[in-house]
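Throughout, a chain's letter reflects where its sequence line sits, starting with A, and its residues are numbered from 1.
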Amino acid sequence: MISSAKNMKNGLATALLLAVPLVSSAWEFRGEVALEGRYFTQDSPYPQADYSTNGSGYIKPEVFHEWNNRDDLFTFIPYARVDEHDAERTHWDIRELSWIHVGNGWESRVGIRKVFWGVTEGRHLVDIINQTDQVDQVDGEEKLGQPMINLSTVRDWGIVDVFVLPGFRERTYAGEEGRPRTPLPVSDNAQYESSKENQRVDFAIRYQQYFDNGLELALSHFSGTSRDPLLIPDSLTLAELQALIATGQLPSGSDPEFTPLYNVIDQTGLELQYLNSGWLWKLEAISRSGQGERFNAVDGGFEYTQVGLLDTATDLGWIVEYIWEDRDDSLASPLASDVLLGTRFTFNDVASTEILAGIIYDTEDEEKAISLESSRRFGNSLKVSLEARFYTDTGKPQSASQLYRDALRNVNTNPGLGPISRSDFIQAELVYYF
Amino acid sequence: MNARLLPAALLMALAAPAVLAQTPEEKGLEIAREADSRGEGFGDFQADMKMVLISKSGQTSDRELRVKTLEGTGEEEGDKSLTIFDTPRDVRGTAMLTFSYKTRDDDQWLYLPALRRVKTIASRNKSGPFMGSEFSFEDMRGQEVEKYTYKYLRDEPCGELTCFVVERYPQDEDSGYTRQVSWIDQQEYRTWKVDYYDRKKSLLKTLTASGFSQYQDKFWQPAKMSMVNHQTGKSTDLFWSNYRYDTGLSESDFNKNSLKRAR
């Protein structure tokens, strides 16, 4: 009797011991939920987006599973956002649904994933695998999940990644009710250069190496459908054209859109980084063909951190970069010859308080995009961030009529920051990690 | 004559290490080398770490992380290590890869999971706090013998043991310290206590280690390390657990690919 009870207890203990690792380490469930409030300090130039406050929120659960002595890893990260005003910003996506298998000196990564390439802060020129979730964050850091088969090999002479990318994701844009938004709404009916449209299989390869003298280098090539489209204004009907010429205005009821055009491109990228005595020198350069004439772009600069400012625990980091591009095209890129100056105060306190200030200055048009970000933690699971974005000395936002008038006169239609001007905002975000 | 000289020479030779040759500096270095050699040959190990940050008023805040270390084998190469952050939750999944070297600055990379980005750590922040704690970055890193000069001070009882009291001076000009005084027991060469003096030469912090256990019949590791800051009244308790040796780690666990899937 006693012995059987003891056996049972032992059996239970064994079962518990077996079950605990299965539940707690092999499968893991976690994630984050967030609430965001924005206040726009100016009136919207677009009547459809005539509001000054906006609420939004997202949820991003994460599921992990490991087996085979951690040589196999499964990841699932869905994402959904709800927005008060912009129906386009209310959207969902599968950020990751992937299986990684680790072999001896190589690994395969199959499924929907996110991959980042690059070293600079100002503009991520080389980064091309994932599509930008533009409607989600204006800074372009948020990305859509990309289906892929990726093989990676690690050798003494470097890491080589080969990507097969079946299936294309279209860039997301703010809708008519969005702030900031494009002067014309962006059509859902994208145009593709490839006859396979969004079913074309793209390829990419990247080689990276680290040298122990502080030099890091990566070379990459992408061949496939461009992630950034050209936005082509719809052709006007004869009646619309006549009205525009006669009155300077499009007739009421005429709602032209931008149609995104996705070309097939070849892009070669270089990433260089050199660390010496606390100075981190960075360079990204690309050369792209397939979107009009071949063009080149460069982002280069440095990062330096002053440690223990004025005998406190605070660090002050500096980022200076110059961004240059020889593409002469409208809407393709609002940055052509720009300077980025960024500073980051890291307080190194219990709450991990940080303040980040950055300005991007267009040396040609003198437009300035200014951002201020600050964040701190409360307790173990809550993070609060405050953010402000201002655009100054920018061109005016164009009405649809003006856009077509300029096009007719063959004026340089590069709007710079015009379309997003008058959408300065202050934002508070609360993220809870579960 | 020869017959009389030989024993005298032998006697000299035997006596030399103890009496003649050793300056306090040499004896300090010898103790440091011995302590270091007793930690050598571990191959690889993994352990869990919990930090409890205690404010002046007694409020606490926790950080949990895991460390994987592969012993360096090369002449210049130090250890390679991977640190994975579990809490606070906003930094969960962040991982840090460190290649340490005997005589020059470490190479360090940080993986930021939200951006899927590996960033090179450029900052020469050594005196700054590690995760807001009273441990600085230089306290947390590998203590290579070559990075200090030494001076033996005295013998002193420490608990039931007798300790060497040894002073050491950082060679790195970015160090936050002018000197450190450590109490190392003569039996197993474990460090029980360290006093840290700041750049103004005043006492800044005291580290005390306790709960030592021996692993692999060789390596002594403390279960708890307490760092008290005398100037701010704040302190940090660091609890080590789940020490595992010979876990089969290899070079392939310490590169940018493994950093990106470190969990």
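- Contacts between Glu142(A) and chain B at a heavy-atom distance below 4.5 Å are absent for every atom of the residue.
- In Trp67(A), the CH2 atom is crowded: over 12 heavy atoms of neighbouring residues, nucleotides or ligands sit closer than 6.0 Å.
- For the residue pair Asn255(B) / Tyr210(A), no side-chain donor-acceptor distance below 3.5 Å is found, with atom types taken as modelled.
- Ranking Val115(A), Val119(A), Val431(A) against chain B, the residue ahead of the rest is Val119(A), based on heavy-atom pairs under 4.5 Å.
- The contact between Tyr432(A) and chain B is made entirely by side chain atoms (from C-beta outward), counting heavy-atom distances below 4.5 Å.
- Between chain B and the options Ile100(A), Asn348(A), Leu382(A), the largest number of non-hydrogen pairs under 4.5 Å is found for Asn348(A).
- Taking the centre and axis of the six-membered ring of Tyr433(A), the NZ or CZ atom of Arg92(B) falls outside the cone set by 45° and 6.0 Å.
- Between chain B and the options Arg30(A), Arg113(A), Lys383(A), the largest number of non-hydrogen pairs under 4.5 Å is found for Arg30(A).
- A side-chain donor-acceptor contact under 3.5 Å links Lys114(A) to the backbone of Ala114(B).
- Between Lys200(B) and Asp311(A) there is a salt bridge, with a side-chain nitrogen of the basic residue lying less than 4.0 Å from a carboxylate oxygen of the acidic one.
- Between the side chains of Arg109(A) and Asn257(B), at least one donor-acceptor pair of N or O atoms lies under 3.5 Å.
- Looking at Leu115(B), the atoms closer than 4.5 Å to chain A (heavy atoms on both sides) sit in the backbone and in the side chain alike.
- In this structure, the separation between CZ on Phe64(A) and CZ on Arg261(B) is 14.0 Å, given to the nearest 0.5 Å.
- With a threshold of 4.5 angstrom between heavy atoms, Asp349(A) approaches chain B through N, CA, C or O but not through any side-chain atom.
- In the displayed structure, Lys119(B) atom NZ is contacted under 6.0 Å by more than 12 heavy atoms of other residues, nucleotides or ligands.
- Scored by the side chain to side chain contact (heavy atoms under 4.5 Å, CB included) test, Ser108(A) finds His101(A), Trp106(A), Leu151(A) as partners (sequence neighbours excluded).
- Taking Glu251(B), Met131(B), Arg63(B) one by one and counting their heavy-atom pairs under 4.5 Å with chain A, the maximum is reached by Arg63(B).
- Across Pro129(B), Ser61(B), Ser133(B), a single residue satisfies side chain to side chain contact (heavy atoms under 4.5 Å, CB included) together with Val350(A), and that is Ser61(B).
- Interface remark: Phe130(B) contributes no atoms to any contact with chain A (heavy atom separation under 4.5 Å).
- More than 12 heavy-atom neighbours from other residues, nucleotides or ligands sit within 6.0 angstrom of CG on Asn213(A).
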Exercise for the section: Dump the intermediate steps for side-chain contact (heavy atoms from CB on, under 4.5 Å) on Asn380(A) and Thr87(B), then the final yes or no. Expected result: CA-CA 7 Å; Asn380(A) 185 32; Thr87(B) 65; 3.8 Å; yes
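- Taking 4.0 Å as the cut-off between side-chain N and carboxylate O, Arg89(B) and Glu32(A) do not count as a salt-bridged pair.
- Considering CG of Leu275(A) and CD of Gln108(B), their distance stands at 10.5 Å, rounded to 0.5 Å.
- Atom-to-atom distance recorded for Thr120(B):OG1 and Lys282(A):NZ is 8.0 Å, nearest 0.5 angstrom.
- There is no contact between Glu62(A) and chain B, counting heavy-atom distances below 4.5 Å.
- When the heavy atoms of residues 226-234 of chain B are compared with those of chain A, none of the residues falls under 4.5 Å.
- The shortest heavy-atom contact between Ala122(B) and Leu280(A) is CB-CB, 3.6 Å.
- Heavy atoms of Val102(A) lying under 4.5 Å from chain B belong exclusively to its side chain.
- Looking at Arg104(B), only its side chain comes within 4.5 Å of chain A, counting heavy atoms on both sides.
- For residues 108-118 of chain B, the pairs satisfying salt bridge (Lys or Arg N to Asp or Glu O under 4.0 Å) are Glu96(A)-Arg116(B), Glu121(A)-Arg117(B), with sequence neighbours left out.
- For Asp107(B), the part sitting under 4.5 Å from any heavy atom of chain A is the side chain, from C-beta outward, and nothing else.
- Put simply, of Glu216(A), Glu303(A), Glu141(A), the one with the most heavy-atom pairs under 4.5 Å next to chain B is Glu216(A).
- In terms of non-hydrogen atom pairs under 4.5 Å with chain B, the most contact-rich of Ala313(A), Ala351(A), Gly105(A), Ser277(A) is Ser277(A).
- Applying the ring pair (Phe, Tyr, Trp, His ring centres under 6.0 Å) test to Phe302(A) and every residue at least two apart in sequence or in another chain returns Trp279(A), Trp281(A).
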